[in-house]
Amino acid sequence: MAELRLSMTQEARTVLTDLLRLIAPAAARVSVSRACVPAEEGIAGFWVETLTAQASEEARLLAAAFAGAKGEPAVIVLRNEGQAHAFLRSLSAVRLALRDLVLADITDAQLESGEDLDDESLPPEKRHALACYACFGLLQQSLIAQLSPEALD
């Protein structure tokens with residue numbers, strides 16, 4: 001069982017939940033577009049359909065987890081390893097969607113380090129997306145540290 005402690009206000013969690021619900025379809029599309037789908041027509045259609053459904057469901061679960069987090073700090077409890085891995089995949093899909101759709105003009109190095117980004121010069125939607133991108137990255141690191149501490153060495 002893994003736990004994520006969210007040191008953020010209820011309002012911030014509500015904003016993230018709303019963002020997750022809005023970006024779920026885009027995150028599913030980005031996941032599918034980045035997948036190595038087999039070239040065979042019959043199999044490709046099945047893969048695309050399955051990947052889209054899985055990514056959409058995982059994004060809905062992610063939004064529900066944020067909405068249902070309880071306590072101060074709020075805690076998201078992931079009951080088993082399968083749920084934790086689905087949570088990680090969904091965080092990745094959302095980060096990739098933010099990267100591709102909102103933050104495309106920012107280099108990967110800048111995104112991952114946070115350096116050289118003048119937050120005040122960015123439009124509000126990019127500042128919001130950047131904050132979400134960073135927040136979800138920290139959640140990924142925390143979850144990976146719980147599931148596989150040696151992976152972060």
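When side chains are defined from C-beta on, Leu130 does not count as touching Val102, because their heavy atoms never get closer than 4.5 Å. Looking at Glu3 and Leu78, their side chains never come closer than 4.5 Å, going by heavy atoms from C-beta outward. Asp105 has its side chain within reach of Lys126: a pair of non-hydrogen atoms, C-beta onward, lies under 4.5 Å apart.
Between Arg99 and Ile106, the shortest heavy-atom contact is NH2-O, 2.8 Å. Of all heavy-atom pairs between Ser31 and Ala93, the closest is OG-CB, 3.2 Å. Taking each heavy atom of Trp47 and Cys36 in turn, the nearest pair found is CZ3-O, 3.4 Å. Of all heavy-atom pairs spanning Ala2 and Leu143, the tightest one is CB-CD1, 3.6 Å.
Judged as a salt bridge (Lys or Arg N to Asp or Glu O under 4.0 Å), and not counting sequence neighbours, the contacts of Asp100 are Arg34. The side chain to side chain donor-acceptor pair (under 3.5 Å) test applied to Thr50 returns no partner, not counting sequence neighbours.
Of the possible polar contacts, one joining the Ser33 side chain to the Val30 backbone as a donor-acceptor pair under 3.5 Å is found. Under the 3.5 Å distance criterion, the side-chain polar atoms of Gln110 are matched with a main-chain donor or acceptor of Thr107. Distance alone, capped at 3.5 Å, places no donor-acceptor pair between the Ser90 side chain and the Ala86 backbone.
Interatomic distance, CD of Gln146 versus CD of Glu81, reported as 12.0 Å (0.5 Å rounding). Put simply, SG on Cys132 and CZ on Arg127 are 13.0 Å apart, with the number rounded to the nearest 0.5 Å. Rounding to the nearest 0.5 Å gives a distance of 13.5 Å between CG of Leu122 and NE2 of His128. Leu138 CG to Leu4 CG: the interatomic distance, rounded to the nearest 0.5 Å, is 11.0 Å. To the nearest 0.5 Å, the span separating CG on Leu51 from CZ on Arg29 amounts to 14.5 Å. With values rounded to the nearest 0.5 angstrom, Leu139 atom CG is found 4.5 Å from Cys135 atom SG.
At least one cation-pi condition fails for Arg95 and Phe136: the charged atom is not both under 6.0 angstrom from the six-membered ring centre and inside a 45 degree cone around its axis.
When the shell of 6.0 Å around CD of Glu41 is examined, it contains 12 or fewer heavy atoms from other residues, nucleotides or ligands.
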Let me check something: any side-chain donor-acceptor pairs from residues 56-66 under 3.5 Å, sequence neighbours excluded? List them with distances.
unit_1 : atom_1 : unit_2 : atom_2 : d
Ser56  : OG     : Thr52  : O      : 2.9
Glu57  : OE1    : Arg60  : NE     : 3.3
Glu57  : OE1    : Arg60  : NH2    : 3.2
Glu58  : OE1    : Arg89  : NE     : 3.4
Glu58  : OE2    : Gln54  : NE2    : 3.1
Glu58  : OE2    : Arg89  : NE     : 3.0
Glu58  : OE2    : Arg89  : NH2    : 2.6

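At a threshold of 4.5 Å between side-chain heavy atoms, the hydrophobic network of Ile, Leu, Val, Met, Phe, Trp and Tyr places Leu101 and Leu98 in one connected group. Phe46 and Ile43 fall within a single hydrophobic cluster, where Ile, Leu, Val, Met, Phe, Trp and Tyr side chains are chained together by heavy-atom contacts under 4.5 Å. Linking Ile, Leu, Val, Met, Phe, Trp and Tyr whenever their side-chain heavy atoms come within less than 4.5 Å puts Leu111 and Leu19 in one cluster. One hydrophobic cluster, built from ILVMFWY side chains closer than 4.5 Å, cannot hold both Val37 and Leu96; they sit in different ones.
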Could you go step by step and tell me if Glu11 and Thr14 meet the side-chain hydrogen bond (donor to acceptor under 3.5 Å, both in side chains) rule?
CA-CA 5 Å; Glu11 292 80 21; Thr14 300; over 6 Å; no

Stepwise side chain to side chain contact (heavy atoms under 4.5 Å, CB included) test for Leu88 and Leu147:
CA-CA 11 Å; Leu88 274 173; Leu147 294 172; 3.8 Å; yes

CA sep, side-chain torsions, deciding dist, call: Val94, Tyr133, side chain to side chain contact (heavy atoms under 4.5 Å, CB included):
CA-CA 8 Å; Val94 170; Tyr133 185 90; over 6 Å; no

